[in-house]
Amino acid sequence: MTTTFIKGGTVVSATGRGAADVLVDGERIVALLEPGTTVLGSDLAATADTVIDATGKYVIPGGIDAHTHMSMPFGGTNASDTFETGTRAAAWGGTTTIIDFAVQKFGERLEDSLATWHEMAGGECAVDYGFHQIVGDVNAASLSAIRGLQDEGITSFKLFMAYPGVFYSDDAQILRAMQVSADTGLLTMMHAENGPAIDVLVEQLLAQGKTDPYYHGIARAWQLEEEATHRAIMLAQLTGAPLYVVHVSAKQAVAQLAAARDQGQNVYGETCPQYLYLSLEDQLGAPGFEGAKWVCSTPLRSKHEHHQDEVWQALRTNDLQMVSTDHCPFCMKGQKDMGIGDFSKIPNGIGSVEHRMDLMYQGVVSGKITLERWVEITSTTPARMFGMYGRKGVLAPGADADIVIYDPNGHTSIGLEKTHHMNLDYSAWEGFEIDGHVDTVLSRGKVIVDDDQYLGRKGDGKYVRRALSQYLI
Ligand code: URP
Ligand code: ZN
Ligand code: ZN
Ligand code: ZN
C-alpha cells in the first residue's frame, strides 16, 4: 500500500474547520492528526510515500454531484459528455463522485435500462459513480422492478411531471410509484413542472411566431413549477413517500418545500448553480439564437422576480439541502441548433459538472454561505441524502480518500471551449472569474488532478452501491 500525507492544510467539514494533517493508506483515510504529530518518534512527512503540502489551503471531502446525465438520450440526440469525458471534467473541478440517471424509456423493461447504463459507464469513469433510476414507464412490471433496485445499490428513482409523451407520469402513476417508495424507503425524486399545461403554452407561443429560446422560459412559467411541486408534496404526504424535488428554480416552489418541511414532512430539494447566477433576461434572452445555450428545465427565472436571492436564502436555512448540476450538455453546433426557429426543439440542458465546486465557493466569498455550509451542500449532504455517508462526504478514518485541496487564493477563469474539459463547444459560464482554485484531487487515494494536470485514467472510477438515505427524519 502507498501512503500519502497531506500536511499543513485547514481541514473543513460540514461542522467545522481546523488545522490538521491527513494520512492516507491505499484507498482510505487512516488518520487526521494534529500538525506535527510523530508516530513512534518519526515524522510522518519523512516516511510517507507521497507528501502534499497544503499550507494555506483548504482540505475538503471530494465533491459529490448527485444529478448528472452523461450521454443521456434526450430531444432526439444524446448529451455530449460521455461517462469518460464527463467524469474527467468532474475530476478537474473537484468532484469525485457523480450519481447519474439510468433511463427507462417508455415500453422498455426497467432492468434492461439499468443494464444498458452499467454497460455505458463500466470501465469508462474517472471518478466513482452511482445511479438513480428514471422510471419512464410506470406499469405493473416497473413497479415490481423498483422493489429490486436496492439489491442493485440504487435507492432513489426519478419521476417526471413534465415532458408528456417522453418521460411523463400522470398522477395515477405517480401515486402508485410513491406507494412503492413509501413501502421500500426508496427516495422519490421528482421533476416538478406541469407538463401538459406547458405543452399548451408552447403550442400557443409558436403559433404566435414566438420561436426564440427566450420563450422556453415563458412557457415554463413559475406557476407551473409551484403547482407541480405542491401536487408532488401532497401525493407524498398522502402516501408517506419521502420526496426529493430536483432542480428547483422558482422561489414559490421553494416556499412549498419550506411549508411542507415546517409540517415535519420528509421533503427535500436541490437547486443548481444556473438558478443562483443566471437569468431569463440576461442569458435565455440573449440576442438571436444565443439563448439556446441556457435552455434547461426548469428554466432560468426572471431577475425582476428575485428568485435567486430566495434560493440562496433557502440554501442557508436548509429549506434546500444541496446543490447538484443537472449536468446535461448539448453542443450548439448539431444539437442545440436543431431548435432554430422552434425553441421547443432545443435539447434541454446545461453543462456545469466541472464548475460546481468553484461556483458554489463564490457563495463563501460573497458571504452568502459559510465555508462549512459549502462543504455540506456540495459533498456531505449529497452523501447522506443518497446513502453513501461514512465512505463518502467526510474526511475521517475509514472513509474513502476522496480529497480536494482547494486554494482560496487561487483564481480560475472560465472561458471559451478550450479552458474547460467538458465535451462541449461553448461554456454556459463563459466570462465567470472564480476566486479560488482546485489544486489537487485524490480519488480513493490516487492523485488524479494536480497542478493543472490530469493524472488519472478512465476506469479509475468504480460503481458505488448506495444504501437507503441517511437523511430522512
Ligand atoms: O434541462 C434539463 N434539466 N435536462 C435534463 C433532464 C432533466 O429534466 O433533468
Ligand atoms: Zn428533470
Ligand atoms: Zn436532470
Ligand atoms: Zn488551474
Side-chain angles (χ1 to χ4, degrees), residues 65-81 86 90 98-106 113 117 129-136 156-169 174 187-195 198-199 202 213 216-217 219-220 224-225 228-229 232 243-250 253 268-276 278 280 283-284 291-301 322-332 335-336 338-339 343-353 356 382 386 422 424 428:
D65 190 341
H67 188 156
T68 68
H69 299 283
M70 305 307 172
S71 295
M72 188 201 196
F74 197 40
T77 183
N78 287 80
S80 58
D81 262 322
I98 63 161
I99 312 179
D100 205 271
F101 289 80
V103 181
Q104 181 211 19
K105 293 186 193 143
F106 188 80
S113 71
W117 254 258
Y129 63 99
F131 291 133
H132 311 285
Q133 177 71 53
I134 282 176
V135 187
S156 44
F157 61 87
K158 183 180 179 190
L159 303 174
F160 289 79
M161 301 168 103
Y163 309 134
V166 189
F167 299 128
Y168 174 76
S169 290
I174 291 168
L187 194 54
T188 299
M189 304 173 79
M190 189 63 79
H191 180 130
E193 288 185 295
N194 185 325
I198 287 167
D199 278 6
V202 167
H216 171 82
R220 308 186 87 92
L224 303 178
E225 184 184 350
T229 303
L243 175 68
Y244 176 97
V245 181
V246 293
H247 47 54
V248 175
S249 64
Y268 310 99
E270 70 175 14
T271 191
C272 313
Q274 51 267 34
Y275 307 122
L276 294 163
L278 311 177
L280 171 71
Q283 278 78 28
L284 208 46
K293 292 175 176 175
W294 296 280
V295 164
C296 61
S297 298
T298 60
L300 302 184
R301 297 293 174 195
M322 49 184 272
V323 176
S324 314
T325 56
D326 193 10
H327 179 78
C328 192
F330 296 100
C331 291
M332 282 295 272
Q335 297 195 295
K336 292 276 188 185
M338 295 191 298
F343 68 82
S344 73
K345 296 204 162 53
I346 302 169
N348 285 206
I350 286 184
S352 315
V353 74
R356 186 184 61 121
F386 294 110
M422 299 174 286
L424 193 56

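Numbering of ligands and ligand atoms starts at 1, following listing order. Hydrogens, waters and symmetry mates play no part in the numbers below; they use all other heavy atoms, side chains included.
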*asked:* Please output the residues near ligand 1 using a strict heavy-atom distance under 4.0 Å, listed in chain and residue-number order.
replied: His67, His69, Phe74, Lys158, Phe160, Tyr163, His191, His247, Cys296, Ser297, Asp326, Cys328, Asn348, Gly349
*Provide the closest heavy-atom pair for Cys296 versus Tyr275 in the form atom of the first, atom of the second, distance.*
SG-OH, 3.8 Å
*In a check of side chain to side chain contact (heavy atoms under 4.5 Å, CB included) between His132 and each of Thr68, Val246, Ile99, which one passes?*
Ile99
*Protein N, O or S within less than 2.8 Å of the Zn ion (ligand 2), waters excluded*: Lys158 NZ, His191 ND1, His247 NE2
_Pro329 side chain near Gln335 side chain, heavy-atom distance below 4.5 Å_ = no
_So, using side-chain contact (heavy atoms from CB on, under 4.5 Å) as the criterion, who are the partners of Ala428 when residues are at least two apart?_
Trp294, Ile350, Tyr426
*Over 60° means perpendicular and under 30° means parallel, so classify the ring planes of Tyr244 and Phe386, tilted if in between.*
perpendicular
*Can you sort out the partners of Phe160 under ring pair (Phe, Tyr, Trp, His ring centres under 6.0 Å), two or more places apart, ordered by chain and number?*
Tyr163, Phe167, His191
*Considering all heavy atoms of both residues, which atom of Val323 and which atom of Cys272 are nearest to each other, and what is their separation?*
CG1-CA, 4.2 Å
*Going by distance alone, is a donor N or O of one side chain under 3.5 Å from an acceptor N or O of the other, for Ser113 and Gln133?*
yes
*Option from Asp326, Asn348, Asp100 for which side-chain hydrogen bond (donor to acceptor under 3.5 Å, both in side chains) with His69 holds*: Asp326
